[in-house]
Amino acid sequence: MGTKHSSKETRDRAKKLAAEIGATHLEVDIDEIVSGFVKSIKPIIGREPNFVKHGGTMTEDLALQNVQARSRMVMSYLLA
C-alpha cells in the first residue's frame, strides 16, 4: 500500500517480502486516504503539513509518515 512518495524500490521490496512469506500482495494506493487527513487538518492549523523535502518540519514529516502507516493499518483491517 503505497503513496506517491513510495519509491519503486520500496514497492519492489514489499512485493518480494510478501512472496517470501507466502502472503497475498496487492498494489493499493492510499494517496486519497492520506490526502483526506491532510486536507482535514489544514483549516485547524491554518496550513498544509509537508514532508521535509517539500519544506515541512521534522515534526510534520514524522506526522505524515505516521498518517501513511495508520492508513495502511486500517486498509489492512478492511482487507482481512
Side-chain angles (χ1 to χ4, degrees):
M1 288 182 232
T3 69
K4 61 186 176 187
H5 302 287
S6 301
S7 69
K8 180 182 180 328
E9 292 80 11
T10 297
R11 290 173 184 263
D12 289 347
R13 282 192 299 267
K15 187 175 182 178
K16 181 180 177 190
L17 176 61
E20 288 176 0
I21 64 172
T24 300
H25 180 266
L26 302 171
E27 282 282 335
V28 178
D29 286 322
I30 58 169
D31 285 315
E32 189 174 331
I33 298 164
V34 173
S35 184
F37 282 114
V38 171
K39 286 177 184 172
S40 69
I41 196 68
K42 187 176 180 179
I44 298 167
I45 64 173
R47 60 187 171 71
E48 195 168 297
N50 281 298
F51 289 98
V52 168
K53 69 180 185 178
H54 297 168
T57 66
M58 285 299 291
T59 302
E60 291 173 351
D61 195 284
L62 183 59
L64 290 169
Q65 289 181 56
N66 277 307
V67 167
Q68 289 178 5
R70 301 313 153 238
S71 297
R72 288 182 186 101
M73 177 187 68
V74 172
M75 286 297 291
S76 295
Y77 290 160
L78 294 171
L79 290 169

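What you are looking at is a predicted structure, and each value in this text was computed from that prediction instead of being measured. These values consider heavy atoms only, across backbone and side chains, with no hydrogens, waters or symmetry-generated copies.
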Closest approach of Ser6 and Arg72, non-hydrogen atoms and distance? OG-NH2, 3.9 Å
Residues pairing under side-chain hydrogen bond (donor to acceptor under 3.5 Å, both in side chains) where one sits in residues 29-49, two or more places apart or in two chains, turn out to be Arg11-Asp29, Arg47-Glu60
Applying salt bridge (charged side-chain N to carboxylate O under 4.0 Å, His left out), run through Asp12 and Lys8 and close with a yes or a no. CA-CA 6 Å; Asp12 289 347; Lys8 180 182 180 328; 2.7 Å; yes
Using a 6.0 Å cut-off, check whether atom CZ of Phe37 has over 12 heavy atoms from anything other than its own residue. no
Does some side-chain heavy atom of Val38 sit less than 4.5 Å from a side-chain heavy atom of Leu64? yes
Assigning hydrophobic clusters by single linkage (Ile, Leu, Val, Met, Phe, Trp, Tyr; side-chain heavy-atom cutoff under 4.5 Å), is Leu26 placed with Val34? yes
Give, for atom CE of Met73 and atom CG of Asn66, the distance between the pair rounded to the nearest 0.5 Å. 10.5 Å
Quick one: are Ser71 and Met1 in side-chain contact, heavy atoms under 4.5 Å? no
With a 6.0 Å cut-off (strictly less than), is the heavy-atom count around CE of Met58, excluding the residue itself, greater than 12? no
Which residues pass the side chain to side chain donor-acceptor pair (under 3.5 Å) test with Lys4, not counting sequence neighbours? none
Linking I/L/V/M/F/W/Y whenever their side-chain heavy atoms sit closer than 4.5 Å, directly or via other members, would Ile33 and Val28 fall into one cluster? yes
Backbone of Val52 reached by a side-chain donor or acceptor of Asp61 within 3.5 Å: yes
How far does CZ of Phe51 sit from OG1 of Thr57, to the nearest 0.5 angstrom? 11.5 Å
